[in-house]
There are 2 protein chains.
Amino acid sequence: MELLDNFKAIEVETPVDKIIRQIRSLIVSGYLAPGDKLPSERKLSEKLGVGRTYIRDAIKKLEFFGILTTHPQSGVVVNGTDISAMEGLFSNVMKIERPDFFSLVETRVSMELFSVQNATKRRTDEDLKNLEKALEAYEAKIKISQHAENEDFLFHLKIAEAGHNAVVKTMMLIILPDILAIYKKENFCGEDEKLKRLGEHRAILDAIKEKDADKAVLLMQEHLKNVLEFSKKIL
Amino acid sequence: MELLDNFKAIEVETPVDKIIRQIRSLIVSGYLAPGDKLPSERKLSEKLGVGRTYIRDAIKKLEFFGILTTHPQSGVVVNGTDISAMEGLFSNVMKIERPDFFSLVETRVSMELFSVQNATKRRTDEDLKNLEKALEAYEAKIKISQHAENEDFLFHLKIAEAGHNAVVKTMMLIILPDILAIYKKENFCGEDEKLKRLGEHRAILDAIKEKDADKAVLLMQEHLKNVLEFSKKIL
DNA sequence: CTCCTTTAATTGGTCTACCACTTAACTCAT
DNA sequence: ATGAGTTAAGTGGTAGACCAATTAAAGGAG
């Protein structure tokens, strides 16, 4: 028995894999571009001569990787192929692991420091413009509203983009919403601290502009200090 | 609008996610040990009050992560968790879009430095035992085989575990197999460098044991230097 | 002719019945 | 009492029917 086990991993191609291969070829051949809708499950099922269950499984698998997105009662569309594949993976794994808040924040801090350091070295002029715009949006939101968490986080996301590391940016995209949710629930962002935060953002942006890595990292570290302390308390 | 889109993936917990959480809790609570059979799909469907389709979807997803394995017409069993479970997870997707290797490696280095630093502060005695075991497994594999990449990476994964940050560990779990695949394809690991690597692993473990953070980080940095250079060349 | 309302067709989501295979219990000849 | 042969219950696999939401087409009022 055990000896024969070695030969067992041959695996015939399952119907699902066949379907995946077909859909994949439709995409790589350019017949299906990002944004296009897939033929309906019934049509595919009939065309490929298999049950709809198989089609659904195949779609689900591709959706799992972030290649497709199903819109209920509407259709299945093809996603962009830049980093979306990883994005789907991350969020799926995250659901299974159920991380604690402290780990999330600690990881965020680590990545932010890494990102801001990269940003000082790699930022383009366009990055600077985006950062400036994000900062202004934050400032504007503060003046008219109580809740500016979204704009706050968006600025940090732009820093990650300016760091020009797709993987890190994707990770930030996955982690930040989770942290944001807890922020809102615990009402972490005090009213009086917003102006202080705005100033810190400004200082960080300046450091990025001046390409002063050490200064940027230091400022970011100070900026995120409170959050880290806060997450320790919750723990 | 476009800015807020990034955070828009709010996600309400689907039935499938609920089931996954329940099955997971059965496993982590020890009620289901590796090798055990899951209750049948019908039983679960009745017990949890949902259709069998949902149960099947949940099982399929967990199977995808290597946590479960279904034996047709027989049952579903719980696997041990290992890096090999995730191996090849990306391989399906890679055919469509090859992720930026340099970003992957750069991110890995950043996280490894972060992890090893945490490990020096938080490692338990059990962590040390696991690291020791992983190191021995690596050494043993080197002596009998040419390919010890799995064991190499497993050691690094154990360091991430010793760092006691669930998020970072999860990210490593996702990134490492992908890097591993490229390693194998490009045949990066030279025969002569294996003993050198083993020694470096040993030194890192010692630094963790002695709780010398600075030394551990420095050693890790040196250890990963080649990989980073290599990824730059490929780029 | 235009715009709003209504209606019919189509979509993905869900459930249930049936299938082939496995497994364990049972029967019966030895 | 034992063993092989048989049978029945249980398993995951598959397909099709039905559901609610969406969407596009048809109809009618202005």
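Sequence lines set the chain letters: A, B, ... in the order given, protein chains first and strands last, and positions in each chain run from 1.
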Review point. Given atom NZ of A:K60 and atom C1' of C:dG12, what is their separation to the nearest angstrom?
Key: 10 Å
Point to revise | Any A:K43 side-chain N or O less than 4.0 Å from OP1/OP2 of C:dT10 | key: no
Exercise for review: Check whether the ring centres of B:F114 and A:F114 lie less than 6.0 Å apart, and answer yes or no.
Suggested key: no
Review point. To the nearest Å, how far apart are A:E46 CD and C:dT11 C1'?
Key: 15 Å
Exercise for review: To the nearest Å, give me how far apart OH (A:Y54) and C1' (D:dG12) are.
Suggested key: 11 Å
Review point. Below 4.0 angstrom from OP1 or OP2 of D:dA15, is there any side-chain N or O of A:S45?
Key: no
Practice item. Determine whether the side chains of A:D127 and A:T124 contain a donor N or O and an acceptor N or O closer than 3.5 Å. Key: yes
**Study point:** A:I174 side, atom CD1; B:M171 side, atom CE - distance, nearest 0.5 Å
**Key:** 8.0 Å
Using nucleotides 16-24 of chain C, report all nitrogen or oxygen pairs with the protein that are shorter than 3.5 Å.
residue : atom : partner : partner atom : Å
C:dC18  : N4   : B:R42   : NH2          : 3.3

Review point. Roughly how many Å is it from CD in A:E41 to P in D:dC19, rounded to a whole number?
Key: 18 Å
Revision key, fill the gap. Which of D:dT14, C:dG12, D:dG12 is nearest the side chain of A:V76? It is C:dG12
**Study point:** Electrostatic pair B:K129:B:E132 at N-O distance under 4.0 angstrom
**Key:** no
Check your understanding: To the nearest angstrom, how far is A:R56 atom CZ from D:dC18 atom C1'?
Key -> 14 Å
**Study point:** A:I55 CD1 to C:dG13 P, straight-line distance once rounded to whole Å
**Key:** 14 Å
Study note, to complete from the structure: When A:K158, A:K194, A:K141 are each screened for salt bridge (Lys or Arg N to Asp or Glu O under 4.0 Å) with A:E151, the one that passes is A:K141
Study note, to complete from the structure: What one should report as the nearest heavy-atom pair of B:F101 and B:I179 is CE1-CG2, 4.0 Å
Review point. Could you give the NE2-to-C1' distance, from A:H71 to C:dG12, as a whole number of Å?
Key: 12 Å
